[in-house]
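A short write-up of the structure that comes next.
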There are 2 protein chains.
Amino acid sequence: MSQGVAMAAVIRPLQRPVPLRQSVYDALIDLIVGGELPPGQHMVETDLARQLGVSRQPIREALHRMEAEGWVDLRPSQGAFVHVPTDAEVDNLLDVRALLEAETARLAAAVPASAAKAAQLARLREICTEGQDAAEADDFTTAVSVNNAFHAEIANISGNTVLAELAHIVGRRVQWYYRMVAPERGHGSWDEHRELIGAIETGDRGLAQEVARRHTERTREAYHQPR
Amino acid sequence: MSQGVAMAAVIRPLQRPVPLRQSVYDALIDLIVGGELPPGQHMVETDLARQLGVSRQPIREALHRMEAEGWVDLRPSQGAFVHVPTDAEVDNLLDVRALLEAETARLAAAVPASAAKAAQLARLREICTEGQDAAEADDFTTAVSVNNAFHAEIANISGNTVLAELAHIVGRRVQWYYRMVAPERGHGSWDEHRELIGAIETGDRGLAQEVARRHTERTREAYHQPR
DNA sequence: TTATAGACGACTGTATGCAAAGTGCGATCC
DNA sequence: GGATCGCACTTTGCATACAGTCGTCTATAA
């Protein structure tokens, strides 16, 4: 059967020009996570615009999105301030993350075995190896991004996109908070990650849920450790 | 003890001038939930601006926030379209809501009894009565808002503000989807609500969690009912 | 010296303008 | 008659301009 376009299977929606607001959004989050913009900092639109070489408009749009995701607080007629997390809020956020990650893992374990799932599991193992390498090399930056990729992949397997998005947003904020108190090392518990993969592979929902929850709890302990 | 300002306990941060974008945001959500803007509808900034009597700027800002919360899809250089939920996505969202509401209820049940909690429980019962009245009067609009108030109050009791916010956002979207398929009646299961209150009051975490989950599951059944 | 009123400066909120990208329609050619 | 190319219109993306508000600093009076 001939089609108007050859190789239709390979053609994808192709990447439209990335809006400036998106780049600005990414840049600002990096600045916050990286610590250049400390909590409580007043983010003056004009300054940011000049520094990033754009007008105030994309800056504002990025800030609004960041407010919706909890990165900044927007006080009317005063502008944007980097969000200052209280201890109680960090606890709350960790609770939520535990909840979301556990459910994600449970759903992923519930997915019946298939060729697609096998491929995703293989990808998970691959990510694990990368993470371990980064951890051993004390490469914190890639360790973080690899960790994100790991959880994103599990969310992928689970098949619940809504849950995946929420987990992603919450996860990034947790990483930010975590980095503020322990900037020097990632929680390189890649063995736990492997255990989780196993639980997902064998389809043991309860175990997957439990392992994920325990894993998240460890972050809380690390956070509350006396420093 | 005399203070510079009398009645300090009553004074609150006071309401700063509400930005236009906020009003626009509320108005647009009402339009979507109310069905004036059907899913897939192209929301032209200029038209909305003229209809609401403001410039394009506040419209854009509201649209960006609405995208972050899943109300509209923003296609680059094409504009905003009212989000079209797929059946799979509705299921996903219902799963997430079940998860969030159940956890909220569990946390609320875990809060130790106190004068403050007693007052909140009383408020819950009050809301229940209002809801039942509205349901019996077939006043769907207030029934919905009362239902929202009910869940918001439980989230309040739970003390986890992060969870509360998430539950609120997800809950509103569920109500929208639900209303699209069953515009004529609310799910007036106020007896279940009362059962939930009881579980929270006696501090039975497991029961509270279970009741909340069951309650949410009923929504799913109603949604998938052949129509 | 302290408290208060006034004015100045800075920043946000809103509106408008301009250029580029996209879409749809019509003319044209096979 | 059908498909394709090109043009014009629509709409967004970004920039700029203006007005209102808030915070602060200073000068003045008690």
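Each chain gets a letter, A, B and so on, in the order its sequence line appears, and its residues count up from 1.
With no hydrogens or angles considered, a side-chain donor-acceptor pair links D139(B) and T142(B) at under 3.5 Å. Side chains of N147(B) and H193(B): a donor on one and an acceptor on the other come within 3.5 Å. Looking only at atom types and distance, the side chain of Q78(A) has no donor-acceptor partner in the side chain of H42(A) under 3.5 Å away.
Residues satisfying the side chain to side chain donor-acceptor pair (under 3.5 Å) test with E67(A), not counting sequence neighbours, are none. With sequence neighbours left out, the salt bridge (charged side-chain N to carboxylate O under 4.0 Å, His left out) criterion links R50(A) to D47(A).
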Indicate for each nucleotide in nucleotides 8-20 of chain D, in 5' to 3' sequence, whether protein heavy atoms under 4.0 Å reach the base (B), only the sugar-phosphate (S), or nothing (-).
-> ----BBBBBB---
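Computed from coordinates, the I59(A) CD1 to dT12(C) C1' distance equals 14 Å when rounded to whole Å.
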